[in-house]
Amino acid sequence: MALSLLLLVCSLMAGASAGNFHQDFQITWGDGRAQILENGQLLTLSLDKASGSGFQSKNEYLFGKIDMQLRLVPGNSAGTVTAYYLSSQGPTHDEIDFEFLGNLSGDPYTLHTNVFGQGKGNREMQFHLWFDPTNDFHTYSILWNPKHIIFMVDDIPIRDFKNMESSGVAFPRNQPMRIYSSLWNADDWATQGGRIKTDWTNAPFTASYRNFNADACIWSSGASNCPSKKSSTASTNSDWWNQELDSTSQERMRLVQTNYMIYDYCTDLKRFPQGLPPECSAA
């Protein structure tokens, strides 16, 4: 309880100005199940037995800090997956994932994170959240710079994937990525390993999005609008370029991982009998 209160007190909702979904995104599938509402300030995705829905950003990005507020599918969301991620294209794609795996009413969502570099993933870390993500909007952020990929929830870091190319670990830093999100049915695996199926009597299932902000390098015509190396006089709004976790942020992340992490690939010796991936040995 004390930890939950500490996290809630420390939690800061993103204060950046909201984008406009009409300007920043395009709905890509769903036959009307995705909607942009409130003059572009709200976007909803819906899932029913016939189809889910999804959208993607109009821009591609190469490094940045991406914030989005989500309110997840309420009630019995078992079998549903709400995915929110960055991805490039092709068989050697890079990808940075948030996925929210639904559950039975009253049971916690699973927040699934993963990082792909040059087409290789298998770097899953999973968490239960310290709040009900269906009651209100919460901010989910990806800070991506040449040295770190930091996953944050309400500005609290939950994971820091460091650049370890010196140890032969692929790190996403050359391929521009779009933002994607989708709501879809995955009851063959998503909830308790597929044992709990989607209850379609609860359909349509709906997830909501607002307050998107990207302080990021936009990729256009084969080049980035950010310099290859930020100068020390760069705007304070772009401090993410050199940002890493200070001691206070590291302690907050440690508290989350100690109390709310339910899976860490770096401790799964059965999965990696030949030895854990090299990044797992990083301090």
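Sequence positions, counted from 1, serve as the residue numbers for this chain. Predicted model, so just to flag it, every value in this text is computed and none were measured.
With hydrogens and angles left out, the side-chain atoms of S141 and D67 include a donor and acceptor closer than 3.5 Å. Donor-acceptor pairing under 3.5 Å is recorded for the side chains of T201 and D199.
Clustering ILVMFWY residues whenever any of their side-chain heavy atoms sit less than 4.5 angstrom apart, transitively, puts F98 in the very cluster that holds F131. Cluster membership for I36 and L70, using ILVMFWY side-chain heavy atoms within less than 4.5 angstrom, is shared. Put simply, I196 and L101 are part of two different groups of oily side chains (I, L, V, M, F, W, Y) that touch within less than 4.5 Å, one to the next. Grouping the Ile, Leu, Val, Met, Phe, Trp and Tyr side chains by contacts below 4.5 angstrom, directly or via other members, places V81 apart from F205. Linking Ile, Leu, Val, Met, Phe, Trp and Tyr residues whenever their side-chain heavy atoms come within less than 4.5 Å leaves Y85 and V115 in two separate clusters.
The NZ atom of K197 sits 9.0 Å away from atom CG of N185, with the distance rounded to the nearest 0.5 Å. Atom CZ of residue R178 and atom CD of residue Q89 lie 8.0 Å apart, to the nearest 0.5 angstrom. To the nearest 0.5 angstrom, H93 atom NE2 is 5.0 Å from F116 atom CZ. Rounding to the nearest 0.5 Å gives a distance of 8.0 Å between OG of S53 and CD1 of I27. The CD1 atom of I156 sits 10.5 Å away from the NE2 atom of H138 when rounded to the nearest 0.5 Å. Considering CD of Q192 and CG of D107, their distance stands at 7.0 Å, rounded to 0.5 Å.
Note on ring orientation: taking the six-membered ring where Trp is involved, the planes of F21 and F212 are tilted (angle from 30° to 60°).
In this structure, L111 and Y260 have side chains that are not in contact, with every pair of non-hydrogen atoms separated by 4.5 Å or more. Contact of the K65 side chain with the M152 side chain is registered, since non-hydrogen atoms from C-beta on lie closer than 4.5 Å. Taking 4.5 Å as the limit, some side-chain heavy atom of P146 sits within range of a side-chain heavy atom of W241. Between R33 and P204 there is no side-chain heavy-atom pair separated by less than 4.5 Å. Looking at heavy atoms from C-beta onward, P277 lies in side-chain contact with Y265 at the 4.5 angstrom threshold. With a 4.5 Å cut-off on side-chain heavy atoms, N211 and F137 do not count as touching. Side chains of I158 and Y140 form no contact here, defined as non-hydrogen atoms less than 4.5 Å apart. Contact annotation: the side chain of I218 never approaches that of E60 to less than 4.5 Å [non-hydrogen atoms, C-beta and beyond].
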Show the numbers, then the answer: is there a side chain to side chain contact (heavy atoms under 4.5 Å, CB included) between W130 and V153? CA-CA 10 Å; W130 50 95; V153 177; 4.0 Å; yes

Audit row: E124, H112, side chain to side chain contact (heavy atoms under 4.5 Å, CB included) steps and yes/no: CA-CA 7 Å; E124 300 91 346; H112 175 101; 3.3 Å; yes

Worked verdict on K162 versus K147 for side chain to side chain contact (heavy atoms under 4.5 Å, CB included): CA-CA 6 Å; K162 300 175 182 178; K147 295 183 179 180; over 6 Å; no

Should F25 and Y209 be marked as a ring-ring contact (aromatic ring centres under 6.0 Å, His included) after you check the CA-CA gap, both sets of side-chain angles, and the distance that decides it? CA-CA 12 Å; F25 291 93; Y209 302 73; 8.6 Å; no

Between S46 and T206, is a side chain to side chain donor-acceptor pair (under 3.5 Å) present by the stated rule, with each step listed? CA-CA 4 Å; S46 292; T206 301; 3.1 Å; yes

Show the numbers, then the answer: is there a side chain to side chain contact (heavy atoms under 4.5 Å, CB included) between Y61 and I179? CA-CA 8 Å; Y61 304 94; I179 303 164; 3.7 Å; yes

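When every heavy atom of W184 is checked against every heavy atom of A83, the shortest pair comes out as NE1-CB, 4.1 Å. Scanning all heavy atoms of the two residues, the minimum distance from M177 to S88 falls at CG-N, 3.4 Å. When all heavy atoms of P133 and Y109 are compared, the closest pair comes out as CG-CD1, 4.0 Å. In this structure, P172 and D94 approach most closely via the heavy-atom pair CA-OD2, 3.4 Å. Of all non-hydrogen atoms in L183 and L45, the two that sit nearest each other are CD2-O, 3.4 Å. Residue T44 comes nearest to S208 through the heavy atom pair CG2-OG, 3.7 Å, listed as atom of the first residue, atom of the second, then distance.
For the pair R173 and E165, the salt-bridge criterion is met [side-chain N within less than 4.0 Å of a carboxylate O].
Side chain of Q243 to backbone of N145: no donor-acceptor contact under 3.5 angstrom is found. Not one N or O on the side chain of N225 forms a donor-acceptor pair closer than 3.5 Å with the backbone of C217. With hydrogens and angles disregarded, no donor-acceptor distance shorter than 3.5 Å links the side chain of T258 to the backbone of L255. Between the side chain of S167 and the backbone N or O of V169, no donor-acceptor pair lies under 3.5 Å. Proximity of a side-chain donor or acceptor of T92 to a complementary backbone N or O of Q118 within less than 3.5 Å is not detected. D187 contributes a side-chain N or O that, together with a main-chain N or O of T198, makes up a donor-acceptor pair within less than 3.5 Å.
Counting non-hydrogen atoms of neighbouring residues, nucleotides and ligands closer than 6.0 angstrom, the NZ atom of K120 reaches no more than 12 such neighbours. No more than 12 heavy-atom neighbours from other residues, nucleotides or ligands sit within 6.0 angstrom of CG on N39. Taking a 6.0 Å sphere around CG of D246, one finds it holds more than 12 heavy atoms contributed by other residues, nucleotides or ligands.
Within the cation-pi definition used here (under 6.0 Å to the ring centroid, within 45° of the axis), R123 does not qualify as a partner of F161.
Applying side-chain contact (heavy atoms from CB on, under 4.5 Å) to P157 and the options L143, L245, V256 leaves one that passes, L245.
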